[in-house]
Asks: 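This is the structure I have questions about; it appears just below.
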Amino acid sequence: MAKKKIGIIGGGISGTALGYHLSLYDGEAEVIVFEKDTIGGASTAKSAGTVCLFDDSLKNRYWDVRLYGFESYLKMEAEEKGSAGFDKTGTLVVATNEEVEKVIKTGIALAKAAGYTGEYITDKDRIKEILPDISTDNILGAGYTADDGYFDGTMISNTYAKKFQKNGGVVKTGVKVTEVVVENKKVKGLKTDDGQEYEFDVVVDCTGPWSKFTGEMVGLDVPIWHTKAEAFFLCPPGKKLDYTFPVLKYPEFYGLRAGDNIFICKSHLSMDLSNPMHAGQWDPDKLPATGGTDDYFIDFLLDQLEAKVPGIVDSGLVSSWLSYRAEPKDFWPILGETPVEGYMLSTGYGGNGVIEAPAATRDLAKLIMRGESTPLLENWAFKRLL
Ligand SMILES: Cc1cc2nc3c(=O)[nH]c(=O)nc-3n(C[C@H](O)[C@H](O)[C@H](O)COP(=O)(O)OP(=O)(O)OC[C@H]3O[C@@H](n4cnc5c(N)ncnc54)[C@H](O)[C@@H]3O)c2cc1C
């Protein structure tokens, strides 16, 4: 049987996870990942990497997506310490109203069903034991688990790339795809900036914030907006906290420890695509490695800290960075077939790519290799946006 030839554009968490899942179809596929820079060096590197057992970033409806991601990374970490960069700090998800409380309680029940610990705490002294700097005014309670934390997206991407290569896959870094060859509305292959030309049965666009531009290579308008992901690193008063700062989730923002510092960022679901301060369509190649942030976001976050975590509001600002989250207008990824035969998408992961990439690309690999769809692919299909 002839092997299926698949080209993947982009070596972030989406492209490398897809390469890995395709390589599990032992010997049935010839797959090349093209990455113009380094593996996991773009949005994936700027990510907070939180994959919490329960929080509001991903609806409980997609619990299995969350669990598959979380457990894939736990297994990686168990195979080789550090390969998923796991920092097991636990997570505290704060209930600011009854609706959020219900979501947290459902998440706890789901986590417990999968064998993890989780508790909904209303005793405010106990909440302060977990996070001494928090204000418990105006909250109903908080969900807590000690079992999760955050991962390192770049490490995960490199581990997926390594496993993919071990299974026979090819990774080309520093190679930019410059043209996708289409004949009679069907993909035939692609060309790269080192003058090479490749033939493929399927080309998968895994370029995240670049998808709008790469889509143009096949005449496709990929409906991606960029929300500004502005991350700030704070040095707590006294330079070092004497407790483990958990992943801290509020509907408006989240925080986590980053070494001795604290990473804070406005949550992606609180971004408004029609507000030019929050969102637009920009050139991701112009993003600086650090800095580039707006006062608007740090002012917003400091106001949030003052009201909610006053103990760290006097922190010093150590550094910051700006990145773009690739968001379709309904904030769900775009997965699978497009109107151009053979051109598939695995993009638009917004603020949840680390959580979603394993399950999304597992299902996409099955579609590519077997032509079989899944409920996830149906829900996140390109055609919903037409
Ligand atoms: C500040 C911040 C915090 C976040 N926090 C979380 C979190 O806590 N949990 C979570 O789940 N998600 C989080 N996310 C979201 C997550 O990081 C992204 O959804 C995910 O990394 C997107 O991965 P990707 O592979 O789609 O894109 P990318 O990582 O951007 O990869 C795309 C790749 O395509 C390459 N490329 C582009 N054009 C070409 C071309 N023509 N040829 C070859 N290569 C090309 C690029 O160089 C790039 O490496 C966060 C994001 C940010 C910015």
Side-chain angles (χ1 to χ4, degrees), residues 7-19 32-52 55 57-58 65-66 69-70 73 91 148-154 156-157 160 171-180 190-194 203-217 224 226-233 247 249 253-256 258 263-268 271 283-285 287 293 297 320-327 331 333-335 345-358 360-361:
I8 296 175
I9 318 177
I13 200 156
S14 154
T16 55
L18 179 62
I32 306 180
V33 172
F34 298 91
E35 168 51 56
K36 68 185 177 61
D37 288 315
T38 56
I39 294 298
S43 340
T44 298
K46 300 251 174 112
S47 169
T50 61
V51 183
C52 301
D55 65 16
S57 61
L58 180 65
V65 169
R66 183 191 289 277
F70 182 63
Y73 303 147
T91 297
D148 63 17
Y150 63 93
F151 296 86
D152 181 323
T154 304
I156 292 168
S157 306
Y160 271 137
V171 176
K172 292 186 178 283
T173 50
V175 178
K176 182 176 178 180
V177 174
T178 50
E179 191 180 328
V180 177
L190 55 77
K191 294 181 185 175
T192 51
D193 64 352
D194 55 358
V203 169
V204 191
D205 182 334
C206 296
T207 63
W210 283 265
S211 307
K212 182 126 200 95
F213 307 103
T214 40
E216 283 168 9
M217 293 195 275
I224 290 285
H226 298 128
T227 59
K228 286 184 184 175
E230 307 214 353
F232 299 89
F233 293 82
V247 175
K249 295 255 174 170
F253 80 103
Y254 61 100
L256 59 143
F263 172 114
I264 49 169
C265 188
K266 193 172 189 307
S267 65
H268 79 125
M271 303 299 278
D283 181 354
D285 280 320
L287 281 169
T293 49
F297 287 93
S320 64
W321 63 44
L322 166 66
S323 187
Y324 297 144
R325 291 175 285 220
E327 313 270 18
F331 289 83
I334 317 180
L335 264 188
L345 293 170
S346 171
T347 190
Y349 290 100
N352 283 340
V354 180
I355 304 174
E356 294 165 347
T361 58

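When a ligand or atom number is given, it counts from 1 through the structure's own listing order. Each residue takes its place number in the sequence, starting with 1. Predicted, not measured: the structure shown is a model, and the values here were computed from it.
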Asks: With a 3.5 Å cut-off and sequence neighbours excluded, list the donor-acceptor pairs that the side chains of residues 206-215 form with protein atoms.
Replies:
unit_1 : atom_1 : unit_2 : atom_2 : d
Thr207 : OG1    : Asp205 : OD1    : 2.7
Thr207 : OG1    : Ser211 : N      : 3.0
Thr207 : OG1    : Ser211 : OG     : 3.2
Thr207 : OG1    : Thr214 : OG1    : 3.0
Trp210 : NE1    : Asp285 : OD1    : 3.3
Trp210 : NE1    : Asp285 : OD2    : 3.4
Ser211 : OG     : Gly208 : N      : 3.4
Ser211 : OG     : Gly208 : O      : 2.8
Ser211 : OG     : Thr347 : OG1    : 2.7
Lys212 : NZ     : Asp221 : OD1    : 2.6
Lys212 : NZ     : Val222 : O      : 3.3
Thr214 : OG1    : Asp205 : OD2    : 2.6
Thr214 : OG1    : Trp210 : O      : 3.1
Thr214 : OG1    : Ser211 : O      : 3.3

Asks: Which protein N or O atoms sit under 3.5 Å from any N or O of ligand 1? Give each pair with its distance.
Replies:
unit_1   : atom_1 : unit_2 : atom_2 : d
ligand 1 : 5 (N)  : Ser47  : OG     : 3.4
ligand 1 : 5 (N)  : Ala48  : N      : 3.1
ligand 1 : 5 (N)  : Tyr254 : OH     : 3.3
ligand 1 : 8 (O)  : Gly49  : N      : 3.4
ligand 1 : 8 (O)  : Thr50  : N      : 2.9
ligand 1 : 8 (O)  : Thr50  : OG1    : 2.6
ligand 1 : 9 (N)  : Thr50  : O      : 3.0
ligand 1 : 11 (O) : Asn352 : O      : 3.3
ligand 1 : 11 (O) : Val354 : N      : 2.9
ligand 1 : 11 (O) : Ile355 : N      : 2.9
ligand 1 : 12 (N) : Gly351 : O      : 2.9
ligand 1 : 12 (N) : Gly353 : N      : 3.4
ligand 1 : 17 (O) : Ser47  : OG     : 3.4
ligand 1 : 19 (O) : Gly350 : O      : 2.8
ligand 1 : 19 (O) : Gly353 : N      : 3.0
ligand 1 : 21 (O) : Thr44  : N      : 3.3
ligand 1 : 21 (O) : Thr44  : OG1    : 2.9
ligand 1 : 23 (O) : Thr44  : OG1    : 3.4
ligand 1 : 25 (O) : Ile13  : N      : 3.2
ligand 1 : 25 (O) : Ser14  : N      : 3.0
ligand 1 : 29 (O) : Thr44  : N      : 3.0
ligand 1 : 29 (O) : Thr44  : OG1    : 2.5
ligand 1 : 30 (O) : Ser43  : N      : 3.2
ligand 1 : 30 (O) : Ser43  : OG     : 2.5
ligand 1 : 41 (N) : Val177 : O      : 3.1
ligand 1 : 42 (N) : Val177 : N      : 3.0
ligand 1 : 44 (N) : Lys36  : N      : 3.1
ligand 1 : 47 (O) : Glu35  : OE2    : 2.7
ligand 1 : 49 (O) : Glu35  : OE1    : 2.6
ligand 1 : 49 (O) : Glu35  : OE2    : 3.2

Asks: Begin with the C-alpha distance, continue with both residues' side-chain angles, and end with the deciding distance and a verdict on side chain to side chain contact (heavy atoms under 4.5 Å, CB included) for Thr50 and Val354.
Replies: CA-CA 8 Å; Thr50 61; Val354 180; over 6 Å; no
Asks: Kindly write out the residues that satisfy side-chain hydrogen bond (donor to acceptor under 3.5 Å, both in side chains) with Thr154, not counting sequence neighbours, or none if the list is empty.
Replies: none
Asks: Looking only at non-hydrogen atoms, find the nearest pair between Asn352 and Ser57 and report the distance.
Replies: ND2-O, 2.8 Å
Asks: May I ask you to establish whether Lys172 and Phe34 are in a cation-pi arrangement, using a distance under 6.0 Å from NZ or CZ to the six-membered ring centre and at most 45° from the ring axis?
Replies: no
Asks: Can you name the salt bridge (Lys or Arg N to Asp or Glu O under 4.0 Å) partners of Glu216, sequence neighbours left out?
Replies: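 By the salt bridge (Lys or Arg N to Asp or Glu O under 4.0 Å) rule, Glu216 matches no residue at all.
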